[in-house]
There are 2 protein chains.
Amino acid sequence: MTASEPKTHSEGVYASLRAELLGGSFLPGSKLKLAGIGTRYGVSLSVVREAMTRLAGEGLVRALPQRGFCVTPLSVDDLLDLTRARVLIETSVLRESIGQGGLEWESAVIAAHHTLQGTTYTTDEGHLDAAWSAAHQAFHRALLTGAKSPRLESIATELRDCSLLYQHWSIDIAGDLDRDVAAEHRNIAELAVARDAEGAVRALTEHIERTTAALLAYAESQTDPRRAAGISA
Amino acid sequence: MTASEPKTHSEGVYASLRAELLGGSFLPGSKLKLAGIGTRYGVSLSVVREAMTRLAGEGLVRALPQRGFCVTPLSVDDLLDLTRARVLIETSVLRESIGQGGLEWESAVIAAHHTLQGTTYTTDEGHLDAAWSAAHQAFHRALLTGAKSPRLESIATELRDCSLLYQHWSIDIAGDLDRDVAAEHRNIAELAVARDAEGAVRALTEHIERTTAALLAYAESQTDPRRAAGISA
DNA sequence: AAGTTAAATAAAATCGATATTTTCTTGCTA
DNA sequence: TAGCAAGAAAATATCGATTTTATTTAACTT
């Protein structure tokens with residue numbers, strides 16, 4: 001059994017579409033035509049529509065009244081806001097996590113880090129590797145599980161998923177990542193498990209902001225970022 | 001013109017349903033039958049379904065695969081988690097807001113507070129007054145606008161909307177509120193405008209937690225909270 | 001040639017109906 | 001009487017078609 005059959009048709013399309021979006025299969029800002037997707041998945045418009053509505057709620061696509069849906073357009077302003085929100089929330093929750101996490105939490109962090117470390121970074125054709133991406137998200141999620149707050153965890157995860165959309169801006173991001181990212185992760189994991197809250201928070205903040213900086217640098221390196229990478233503003 | 005006509009049919013039903021939910025018209029955990037709502041609003045199932053899906057994304061209703069939708073069931077555990085998340089996020093954003101807010105922000109806070117203060121608390125039949133509730137939400141929102149972060153603002157608003165569902169648990173909450181709430185609001189507003197970040201944060205924290213405490217006290221006062229107020233766990 | 005209007009095309013939003021699944025009811029059995 | 005099973009009823013999820021709205025194309029005007 002790979003993944004338990006989705007209870008409803010709509011659920012399946014939602015999950016697939018979500019994976020495609022986070023995998024960077026669509027161009028930011030591009031139009032998502034319901035009919036096309038419907039036939040591609042062999043389902044009716046209704047189920048595509050429902051999936052889209054859910055994705056819009058998560059901020060991965062945008063609903064344009066009377067004009068359907070499009071992949072969420074990216075913008076420098078939003079990237080900055082998103083980064084700020086992530087830093088503020090993830091660091092706050094990490095503090096709680098370090099303060100309240102028990103042995104299971106430590107183990108989970110170490111396990112997630114080990115997995116991440118062992119996942120090869122096959123940067124074929126400049127795209128982020130799906131497996132690595134998943135391990136990366138899992139690691140960051142594990143860091144926050146010590147806080148034992150379902151709501152905060154899901155908010156942080158949602159924001160992280162949104163920022164994943166930005167990771168496909170640049171093919172250079174891959175090269176930039178394996179430069180220091182492994183060390184950064186090790187550092188965060190160690191500080192967290194060592195209960196050095198302030199140190200871990202600092203490391204996490206830098207980790208998040210460094211990726212954003214790389215993205216911004218890439219965006220600026222383009223003469224016209226709008227055309228080059230789907231930026232809308 | 002009262003409120004610009006909603007572009008789409010679905011949008012209208014969504015807004016109405018949302019207002020009903022936040023107004024406490026439905027019992028927590030109760031089933032929302034699509035057909036009934038559809039005929040009540042004079043629309044097809046599709047549009048109700050879409051509205052529901054959106055509301056589910058916001059956490060106001062819950063989607064039960066193959067079994068439709070129900071009003072989000074309330075629970076003590078979730079109330080505690082929700083309160084924790086709100087305190088953590090709203091205080092963090094308030095700090096930023098106080099640090100970065102300009103004169104317009106101060107004015108907005110003062111204006112929102114004045115409106116709130118002047119809105120009569122007509123607690124007819126023990127229900128929260130819609131106008132007061134709106135003014136209350138607007139005030140709390142205004143406090144955070146100085147941070148100039150759309151994402152953080154909307155997250156905070158969403159959580160606050162969720163906690164509004166809990167306010168209808170008890171008919172006593174109304175009596176409890178006008179006891180000290182006006183003073184609390186004045187206090188928060190003054191400290192915020194005076195740029196006393198830590199003081200304002202402390203006041204806001206107490207304000208949020210006090211309401212939760214009142215709700216919990218009411219919940220415990222019931223021999224069987226489940227039956228009495230729609231609590232599910 | 002640029003701009004404007006009008007028809008034609010394409011797409012989205014909505015509907016009404018069907019197929020499935022769940023829930024309720026009723027009668028049976030131990 | 002409690003528990004179970006089968007059938008009836010209700011409600012959901014999905015479909016296919018219709019209506020409405022946006023977009024494109026083409027013709028026309030200045």
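By convention in this document, chain letters (A, B, ...) are assigned in the order of the sequence lines, proteins followed by strands, and residues within each chain are numbered from 1.
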For B/Tyr14, all residues meeting ring-ring contact (aromatic ring centres under 6.0 Å, His included), sequence neighbours excluded: none
A/Thr8 side chain near D/dT12 phosphate (N/O to OP1/OP2, under 4.0 Å): no
Listed partners of A/His9 passing ring-ring contact (aromatic ring centres under 6.0 Å, His included), at least two apart: none
Interatomic distance where CE belongs to B/Met52 and C1' belongs to D/dT12 [whole Å]: 12 Å
Shortest non-hydrogen separation from B/Glu90 to B/Leu144 and the atoms involved: O-CD2, 3.7 Å
Atom-to-atom span, CG of A/Leu64 to P of C/dA12 - whole angstrom: 10 Å
Sequence neighbours excluded - salt bridge (charged side-chain N to carboxylate O under 4.0 Å, His left out) pairs with any residue from residues 55-75 of chain B: B/Arg18-B/Glu58
N/O (side chain, A/Lys31) to phosphate O (OP1/OP2, C/dA11) under 4.0 Å: no
Please tabulate, one pair per line, each protein N/O and nucleotide N/O from nucleotides 15-21 of chain C that are separated by under 3.5 Å, including the distance.
unit_1, atom_1, unit_2, atom_2, d
C/dC15, OP2, B/Ser44, N, 2.6
C/dC15, N4, B/Ser46, OG, 3.3

Sequence neighbours excluded, every pair satisfying salt bridge (charged side-chain N to carboxylate O under 4.0 Å, His left out) that has a member inside residues 19-32 of chain B: B/Glu20-B/Arg40
For atom CG of A/Leu34 and atom C1' of D/dT18, their distance in whole Å: 16 Å
Atom-to-atom span, NZ of A/Lys33 to P of C/dA11 - whole angstrom: 5 Å
Distance in angstrom units between A/Arg67 CZ and D/dT20 P, rounded: 21 Å
Sequence-distant partners of B/Asp78, salt bridge (charged side-chain N to carboxylate O under 4.0 Å, His left out), two or more places apart: A/Arg151
